[in-house]
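Below you will find the structure I want to go over with you.
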Amino acid sequence: RIQKISTVRNLALHTKDIPVIRNYFLRDEILKERKKFGLTLPTDVEIPFLFSFNAPFIQDPARTRIKHPANSPTNTWLLECVGKLVGSAFMRWLSNKNLDLLTRAKAYHLIPGPIEYDSSLSMECARLVLEELEVFLSDSEPILLTYDGSLRKKEEVLVIPSQVLQTWGPEEACAILGTGKEKALANNLDERSLAVLRKRDLLNELDRRDIAERLSAARERGIPRPSNLERLIHLWSYLSPLRADWRTRHLLSPLPIVPAANRQELYSSEEVMVLGGKESRVPESDWEFLMKWTEVADTGWIRLLSDPGDQ
């Protein structure tokens with residue numbers, strides 16, 4: 001069983017370590033110390049969580065399992081207490097500003113993922129713990145970790161694709177794509193943590209179509225070009241699959257994603273003229289005339305698209 005736990009939890013225990021660990025916990029002085037805290041030998045009840053817990057559960061006559069919660073109000077109450085304890089530990093971990101964002105984001109691993117219940121004792125214990133944890137989380141403070149370390153509610157957080165965040169940064173991206181009051185979800189969450197939050201319908205995730213539609217909606221108020229022109233490549237790369245789908249191809253032409261010469265805002269391809277890199281041959285008087293009537297694509301951007309390896 002110890003080897004199995006090691007594999008599931010990536011503890012990397014060597015086979016020769018197993019007897020050493022077993023013998024350690026069976027030593028009289030260790031058993032005596034554990035009993036002071038209500039910790040006795042582990043039972044055969046294995047729960048599909050990434051944590052374990054000890055409590056003075058009422059055991060069955062064989063002392064290999066705990067009594068079924070349906071037949072033991074004490075065990076039911078203890079399992080519910082475990083759910084509350086996990087929720088409390090989760091909130092303390094997640095809200096600890098002395099930790100970096102990556103470490104704080106790992107707190108989501110305490111929340112179990114989807115579980116397929118059956119009639120076994122293990123699954124009944126898991127159900128009681130998880131139900132109490134769900135109640136705790138629904139009554140608790142906001143649990144979405146944002147890029148600046150604050151905790152927010154669902155309606156206050158946007159899940160923005162990484163390529164878009166690389167283009168403008170989280171604060172400016174939220175101002176462009178939202179109302180200006182939202183925060184971007186921290187990008188330190190792994191896929192398992194995101195799946196847990198999706199299951200609880202806690203995420204406002206923006207996909208490609210959402211990004212395109214919100215950029216179009218923000219067109220009138222003006223969309224600033226990135227501080228570094230090369231960062232715009234991330235946005236173009238993210239939106240490029242829209243071109244391959246006839247249902248979304250029409251969204252690209254009006255999108256304000258093209259930098260114009262001597263302008264701080266982005267324009268759509270319909271508004272910008274490309275001079276083919278020959279603008280240096282245009283007399284200054286003609287150039288001034290063109291700038292009065294149309295926007296000209298930034299030559300640095302055209303060169304970047306033509307030969308990105310040189311940039």
Next on the checklist: Applying a strict under-4.5 Å side-chain criterion to I, L, V, M, F, W and Y, I'd like to know whether Val272 and Leu251 cluster together.
Outcome noted: no

Next on the checklist: Restricting to side chain to side chain contact (heavy atoms under 4.5 Å, CB included), what partner residues turn up for Asn98, sequence neighbours left out?
Outcome noted: Asn96

Next on the checklist: Quick check: Phe136 with Phe90 (ring centres under 6.0 Å apart)?
Outcome noted: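 No, ring centres 6.0 Å or more apart.
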
Checklist entry - Do any pairs count as a side-chain hydrogen bond (donor to acceptor under 3.5 Å, both in side chains) and have a residue in residues 82-95, sequence neighbours left out, and if so which ones? => result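 Output for this query lists Ser88-Arg92.
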
Item to check | Partners passing side chain to side chain donor-acceptor pair (under 3.5 Å) against Ser227 (at least two apart in sequence or in another chain) | outcome: Arg231

Item to check | Which residues share a side chain to side chain donor-acceptor pair (under 3.5 Å) with Glu265, sequence neighbours left out | outcome: none

Checklist entry - Can you name the residues that form a ring pair (Phe, Tyr, Trp, His ring centres under 6.0 Å) with Trp77, not counting sequence neighbours? => result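 For Trp77 there are no ring pair (Phe, Tyr, Trp, His ring centres under 6.0 Å) partners, ignoring immediate neighbours.
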
Next on the checklist: Using the rule that Ile, Leu, Val, Met, Phe, Trp and Tyr join whenever any side-chain heavy atoms are under 4.5 Å apart, tell me whether Leu242 and Tyr238 fall into a single cluster.
Outcome noted: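 Yes, Leu242 and Tyr238 fall within the same hydrophobic cluster.
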
Next on the checklist: Do Leu194 and Leu102 land in one hydrophobic cluster if side-chain heavy atoms of ILVMFWY residues count as linked below 4.5 Å?
Outcome noted: no

Item to check | Sequence neighbours excluded, every pair satisfying salt bridge (Lys or Arg N to Asp or Glu O under 4.0 Å) that has a member inside residues 217-228 | outcome: Arg219-Glu271, Arg225-Asp298

Item to check | With Lys67, the side chain to side chain contact (heavy atoms under 4.5 Å, CB included) member among Leu121, Ile58, Thr76, Thr74 | outcome: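 Testing Lys67 for a side chain to side chain contact (heavy atoms under 4.5 Å, CB included) against Leu121, Ile58, Thr76, Thr74 leaves exactly one candidate, Ile58.
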
Item to check | Under the ring pair (Phe, Tyr, Trp, His ring centres under 6.0 Å) test, residues paired with Phe57 that sit two or more places apart | outcome: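 Partners of Phe57 by the ring pair (Phe, Tyr, Trp, His ring centres under 6.0 Å) criterion come out as none, since no residue qualifies.
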
Checklist entry - With a 4.0 Å cut-off, would you call Arg152 and Glu182 a salt bridge? => result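 Glu182 and Arg152: not salt-bridged.
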
Next on the checklist: Return the CD1 to CD distance between Ile111 and Glu134, rounded to the nearest 0.5 Å.
Outcome noted: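 Between atom CD1 of Ile111 and atom CD of Glu134 there are 8.0 Å.
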
Checklist entry - With Asp245, which residues qualify under salt bridge (charged side-chain N to carboxylate O under 4.0 Å, His left out), at least two apart? => result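 So Asp245 forms a salt bridge (charged side-chain N to carboxylate O under 4.0 Å, His left out) with Arg247.
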
Next on the checklist: Just to verify, what does Lys154 make a salt bridge (charged side-chain N to carboxylate O under 4.0 Å, His left out) with, not counting sequence neighbours?
Outcome noted: Asp201

Checklist entry - How would you list, by chain and number, every residue that makes a ring pair (Phe, Tyr, Trp, His ring centres under 6.0 Å) with Tyr147, sequence neighbours excluded? => result none

Next on the checklist: Under a 3.5 Å cutoff, is there a donor and acceptor pairing between the side chains of His68 and Asp60?
Outcome noted: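 The criterion, which ignores hydrogens and geometry beyond distance, is not satisfied for Asp60 and His68.
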
Item to check | Pairing residues for Asp118 by the side chain to side chain donor-acceptor pair (under 3.5 Å) criterion, not counting sequence neighbours | outcome: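 Side chain to side chain donor-acceptor pair (under 3.5 Å) list for Asp118, sorted by chain: Ser120.
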
Item to check | Qualifying salt bridge (Lys or Arg N to Asp or Glu O under 4.0 Å) pairs, either residue in residues 161-177, two or more places apart | outcome: none

Item to check | Under 3.5 Å: donor-acceptor pair, side chain of Glu156, backbone of Lys153 | outcome: yes

